[in-house]
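Input: a single structure, listed below in structure tokens.
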Amino acid sequence: MFYGAALVVASSEGSNLNSRSISDLETRDSTRPIAGFIMKVWPAVIGAALYGISGLLHWIHFFRVDFVRTTVADFEPKVMTIGLALRIGVSHSPYSLTLYIVEDLLVLLSPCAFLATDYLLLSRLANSLGRDIADDCLLIPSRRITKIFVWSDVITFWVQASGGGMSTSESLSSAGTTVAMVGLVLQLVSFALFTCLLISFGFRVRTKYPDAWDVQSSVLSDAGPFKTSTTTNWKILYYTMCLTCTGILTRSAFRIAEFAGGYNGYLAIHEGYFFLLDTLPLWIAMTLYCFIWPSRFINQDEKNIEVRGSPFSLVEANRNNDSYTS
């Protein structure tokens, strides 16, 4: 948190030179950076390093725990690491349009893959408790959750990508910003609905199936970046998902406010807010899964599943959840 807060203060220095309106882009000379300001190197280095470390931990879990099956969340830290690393290049070449476009799109679009992970996890987590619990406590059938929200992500992804690309053009800058903001608003609404679905699932399990809810174990004993053993306390993963949703919603709200302020808006030209309200929440959300690796809390044997609900095979549940790809 200190990292992001420090950037808020540091970014205010030297940003007053970016007070011109968007119309200045049409007559922009060689003295105006493409981004509207000179990006700082040291926060990008720290951010890229942190995302790189978290991405490495994801790969360690992948090979030690989920060698056969992985999730799309593994791509988010790598894409974000590359995007933050490119900010270093943009700081040294602030007039390179191509470099800025690639950096901006990678940073803007990287969370889209991460969202799909939570969609898939909710379906699998619900089914691991038993078919009867999943059917009774999910407001949407588990086999449809991933399909519905992933398609929503695909649509908002292309809307944001289109807007981000348009915003780098002088003639389409205003329209591109509007299109990108529409995509961000749609993404926020979609993920807010999913968050409500996730919260309602936990509330209904607690109310209707107290035996399934009443599982006890210590977070300190079950969580860890290098642990591979499975655990029966599925609530640890559930609460972790709730925390990741908070981070994603924070980032989405910030992006909307940033785009609403325009090219020369206060949030757009003060780099510290980007790291505090975008990079940091996403990093926390992603890094939580380094300590709470999902499959350790979902892959319960058939005996545990029978105790919690109906004797529904997790293998069959995963096959049903993945049927949208066929």
Side-chain angles (χ1 to χ4, degrees), residues 3-4 7-8 11 33-55 72-94 96-117 153 156-169 173 176-177 179-181 183-185 187-188 191 244 247-263 265 267-287:
Y3 165 58
L7 262 295
V8 174
S11 66
I34 297 295
F37 63 96
I38 303 295
M39 297 181 180
K40 290 179 171 60
V41 174
W42 67 269
V45 171
I46 295 176
L50 291 176
Y51 271 89
I53 292 172
S54 297
V72 292
D74 295 328
F75 293 100
E76 196 270 343
K78 300 164 186 61
V79 174
M80 194 68 172
T81 300
I82 296 173
L84 291 173
L86 286 177
R87 290 180 74 91
I88 301 174
V90 174
S91 69
H92 291 292
S93 303
S96 173
L97 180 60
T98 301
L99 192 60
Y100 171 74
I101 291 175
V102 176
E103 176 273 328
D104 190 57
L105 289 179
L106 288 177
V107 171
L108 178 66
L109 302 176
S110 63
C112 293
F114 186 78
L115 303 184
T117 301
D153 263 5
T156 58
F157 175 91
W158 286 112
V159 172
Q160 291 179 62
S162 300
M166 293 168 60
S167 65
T168 61
S169 170
S173 177
T177 299
V179 171
M181 187 166 66
L184 288 168
V185 170
Q187 184 183 74
L188 176 62
F191 199 76
T244 64
I248 294 171
L249 290 173
T250 300
R251 183 264 182 186
S252 297
F254 163 73
R255 278 296 186 174
I256 292 173
E258 180 189 38
F259 273 80
Y263 185 80
L267 294 177
I269 64 175
H270 288 78
E271 192 179 16
Y273 290 101
F274 162 74
F275 287 98
L276 180 64
L277 299 175
D278 185 308
T279 307
L280 183 61
L282 287 179
W283 178 76
I284 293 175
M286 179 199 67
T287 305

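What you see is a predicted model; the values in this text were computed from it and never measured.
- M39 has its side chain out of reach of H92: every pair of non-hydrogen atoms, C-beta onward, lies at least 4.5 Å apart.
- Between L86 and V102, the shortest heavy-atom distance links the atoms CD1-CG1, 3.5 Å.
- Note that CZ of F254 is 10.5 Å distant from CG of L282, once rounded to the nearest 0.5 Å.
- Although no hydrogens or angles enter the test, the distance criterion places no donor-acceptor pair under 3.5 Å between the side chain of T287 and the main chain of I284.
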Exercise for the section: Decide side chain to side chain contact (heavy atoms under 4.5 Å, CB included) for M80 and V107; before the verdict, give the C-alpha distance in whole Å, the side-chain angles of both, and the deciding distance to 0.1 Å. Expected result: CA-CA 6 Å; M80 194 68 172; V107 171; 4.0 Å; yes
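- Smallest separation of non-hydrogen atoms from S91 and I38: O-CG2, 4.1 Å.
- Judged by the 6.0 Å and 45° rule, R251 forms no cation-pi pair with F191.
- A donor-acceptor pair under 3.5 Å is absent between the side-chain atoms of Q187 and the main chain of F157, judged by distance alone.
- Of all heavy-atom pairs between P281 and G247, the closest is CB-O, 3.5 Å.
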Side chains of residues 43-51: which donor-acceptor pairs under 3.5 Å do they make with residues two or more places apart or in other chains?
unit_1, atom_1, unit_2, atom_2, d
Y51, OH, T279, O, 2.7
Y51, OH, W283, N, 3.0

Handout entry: Derivation and outcome, side chain to side chain contact (heavy atoms under 4.5 Å, CB included), residues W42 and I88
Key = CA-CA 8 Å; W42 67 269; I88 301 174; over 6 Å; no
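- Between L277 atom CG and S252 atom OG the span is 12.0 Å, to the nearest 0.5 Å.
- Taking the side chain as every heavy atom from C-beta outward, L267 and F274 never approach each other to under 4.5 Å.
- Of all non-hydrogen atoms in I82 and L106, the two that sit nearest each other are CG2-CD1, 3.6 Å.
- Between the CE atom of M286 and the CD1 atom of I248 there is a distance of 11.5 Å, given to the nearest 0.5 Å.
- The distance from the CG atom of L115 to the CG atom of D153 is 4.5 Å, given to the nearest 0.5 Å.
- How far CG of L188 is from CG of L249: 6.0 Å, rounded to the nearest 0.5 Å.
- Residue I101 holds its CD1 atom at 9.0 Å from CG of D104, rounded to the nearest 0.5 Å.
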